[in-house]
Amino acid sequence: MNALTFRLLEVFQRVVDLGSITAASTSLSLSQPTVSLQLKKLSSQIGMPLIEQHQGSIIMTDAGHAVYRCAQEVLTAHARLNSQIAALQGVEVGSLKLAVVTTAKYVIPPLLSEFCRAHPNIEINFTVGNRAQIIQRLTDNKDDLYIFSQPPEDAELVCYPFAENKLQVVAPCNYSGPNNCQLADLAEEKFLLREPGSGTRRLVDQYCRQNGVILNKVMIVESNEAIRLSVASGLGLAILSQHTLANSRQDDLKTLDIKDFPLKSHWQVVTHKRRPISLAASAFRDSLIDAFNQPEKITK
Ligand code: PGA
């Protein structure tokens with residue numbers, strides 16, 4: 001059997017499904033003689049008759065039934081292949097605009113670089129800013145995906161949590177002040193805190209407000225990295241995400257044992273309902289959720 005083509009199988013399937021050569025030829029935009037010719041060709045390639053006409057109806061022979069089953073499998077597989085290829089092309093040639101809060105830059109780059117290796121033709125636009133700056137981008141509809149630990153309250157957001165974010169109280173390694181205590185017991189220590197507008201700062205302020213803690217000596221430093229290095233060189237204490245500590249030498253900093261700490265929140269990958277999610281963005285979102293195994297969706 002040679003030259004058994006998708007087209008021959010499609011014509012045969014259509015004739016059987018519609019019950020007549022006339023209906024099949026209309027539906028395939030072919031002439032009736034062409035459809036009859038294709039049926040003959042298929043039948044001669046198989047080497048057996050495939051249909052019989054009986055009182056105006058089409059009846060399949062046993063060989064016809066076998067060919068019909070084969071046509072269904074082949075054409076379904078072909079359609080599935082086409083849609084998979086279309087989806088892959090959509091991911092491969094798309095673009096991804098991703099905006100993340102500064103602390104998430106410790107979490108996202110390894111996953112983003114893996115994603116870029118798997119999809120080298122996707123154009124990536126990666127923006128980092130504090131929580132307030134990223135909320136502004138979200139309001140201006142600038143990006144496909146956003147990463148927050150505290151997304152703004154907005155019923156139009158779709159948020160998937162994918163990993164934990166833990167804030168720790170850290171001190172220089174030679175620190176000898178209060179430890180194994182409450183945050184209030186550190187009220188007179190000097191704290192290096194992130195700027196208002198930072199999500200980390202927001203969580204700290206929230207905790208202090210809810211627990212009546214006032215930190216009396218606060219110095220604002222607008223960068224996790226600068227805070228970490230300043231604490232290591234003895235400038236004061238800080239409350240930082242555990243992710244920011246991953247690169248520090250073990251003897252640089254000491255994590256204090258403070259009641260209620262670590263403060264926990266969740267990294268969330270966020271989209272806005274008004275912006276249709278591109279295939280590339282949805283593939284990256286899936287890769288984040290898969291990497292941390294947290295499939296539950298939160299719709300605000
Ligand atoms: P930040 O955000 O980098 O602005 O502090 C961190 C967060 O939202 O937890």
Side-chain angles (χ1 to χ4, degrees), residues 90-167 194-206 221-227 240-244 246-247 265-292 294-300:
V91 172
E92 300 316 335
V93 300
S95 74
L96 168 63
K97 291 194 169 129
L98 176 65
V100 314
V101 292
T102 40
T103 309
K105 76 179 178 198
Y106 296 88
V107 185
I108 300 301
L111 298 163
L112 189 57
S113 90
E114 202 174 296
F115 184 78
C116 289
R117 271 197 300 277
H119 308 287
N121 296 322
I122 292 184
E123 192 188 319
I124 309 273
N125 196 324
F126 183 48
T127 305
V128 179
N130 71 20
R131 179 176 181 272
Q133 292 161 338
I134 301 303
I135 288 178
Q136 188 57 52
R137 291 186 70 88
L138 173 66
T139 309
D140 297 341
N141 191 20
K142 289 213 163 134
D143 305 283
D144 299 308
L145 293 182
Y146 303 85
I147 311 287
F148 290 103
S149 80
Q150 304 150 76
E153 284 300 321
D154 182 344
E156 294 299 294
L157 298 184
V158 180
C159 308
Y160 288 85
F162 61 90
E164 245 185 6
N165 180 33
K166 296 181 186 167
L167 300 190
R194 287 282 305 278
E195 72 284 5
S198 135
T200 307
R201 175 65 183 270
R202 186 169 184 264
L203 264 185
V204 173
D205 286 351
Q206 233 167 37
V221 182
E222 295 199 6
S223 136
N224 290 320
E225 210 58 12
I227 292 179
L240 283 178
S241 164
Q242 208 161 288
H243 299 296
T244 69
N247 293 336
S265 60
H266 264 92
W267 293 120
Q268 299 181 39
V269 53
V270 175
T271 51
H272 201 290
K273 286 182 193 161
R274 77 179 157 213
R275 183 172 177 126
I277 184 161
S278 69
L279 285 166
S282 137
F284 184 64
R285 179 173 70 179
D286 290 349
S287 76
L288 279 183
I289 294 166
D290 286 351
F292 293 93
Q294 300 251 351
E296 213 177 303
K297 171 166 98 169
I298 301 174
T299 304
K300 297 224 153 210

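Quick note: residue numbers are just sequence positions, from 1. These numbers come from the heavy atoms of this one structure, side chains and all, not from hydrogens, waters or symmetry mates.
Scanning all heavy atoms of the two residues, the minimum distance from S95 to A280 falls at O-CB, 3.6 Å. The two atoms that bring V158 and Y160 nearest to each other are CG1-CE1, 3.9 Å, heavy atoms only. Summarising the geometry of A226 relative to S223, their closest heavy-atom pair is N-OG, 2.9 Å, with the distance given to 0.1 Å. Here the closest non-hydrogen pair linking F292 and A163 is CD2-CB, 3.6 Å. For the pair C159 and P151, the tightest heavy-atom approach, listed with the atom from each and the gap, is SG-CG, 4.1 Å. Scanning all heavy atoms of the two residues, the minimum distance from L157 to K273 falls at O-CE, 4.5 Å.
Once rounded to the nearest 0.5 Å, the distance linking CG of L138 with CG of D143 reads 8.5 Å. Atoms OG1 and CG, on T200 and N130 in that order, are 9.5 Å from each other to the nearest 0.5 Å. We find the NE2-CD1 distance between H272 and I277 to be 13.0 Å, quoted to the nearest 0.5 Å. Atom OG of S265 and atom CZ of F148 lie 13.0 Å apart (nearest 0.5 Å). Residue H243 holds its NE2 atom at 8.5 Å from CD of E164, rounded to the nearest 0.5 Å. Within the model, atoms CG of L145 and CZ of R285 stand 7.0 Å from one another, a figure rounded to the nearest 0.5 Å.
Shown are V128, I134, V269; of these, the side chain to side chain contact (heavy atoms under 4.5 Å, CB included) with V100 is made only by V128. Checked against T244 for a side chain to side chain contact (heavy atoms under 4.5 Å, CB included), the options I227, T103, L167 give a single hit: T103.
Counting heavy atoms from C-beta outward, Y106 and Q242 have side chains that stay 4.5 Å or more apart. Put simply, the side chain of V101 reaches to within 4.5 Å of the side chain of W267, judged on heavy atoms. Side chains of P161 and Q268 form a contact here, defined as non-hydrogen atoms less than 4.5 Å apart.
Looking only at distances, no side-chain donor or acceptor of R274 sits under 3.5 Å from a matching main-chain atom of E156.
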As a quick check of understanding, evaluate side chain to side chain donor-acceptor pair (under 3.5 Å) for Q150 and R202, giving each step before the final call. CA-CA 9 Å; Q150 304 150 76; R202 186 169 184 264; 3.0 Å; yes
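Considering only residues two or more places apart in sequence or on other chains, F115 meets the ring pair (Phe, Tyr, Trp, His ring centres under 6.0 Å) condition with H119, F284. With sequence neighbours left out, the side-chain hydrogen bond (donor to acceptor under 3.5 Å, both in side chains) criterion links T102 to R194.
The number of heavy-atom neighbours closer than 6.0 Å to CD of Q206, taken from other residues, nucleotides and ligands shown, is above 12.
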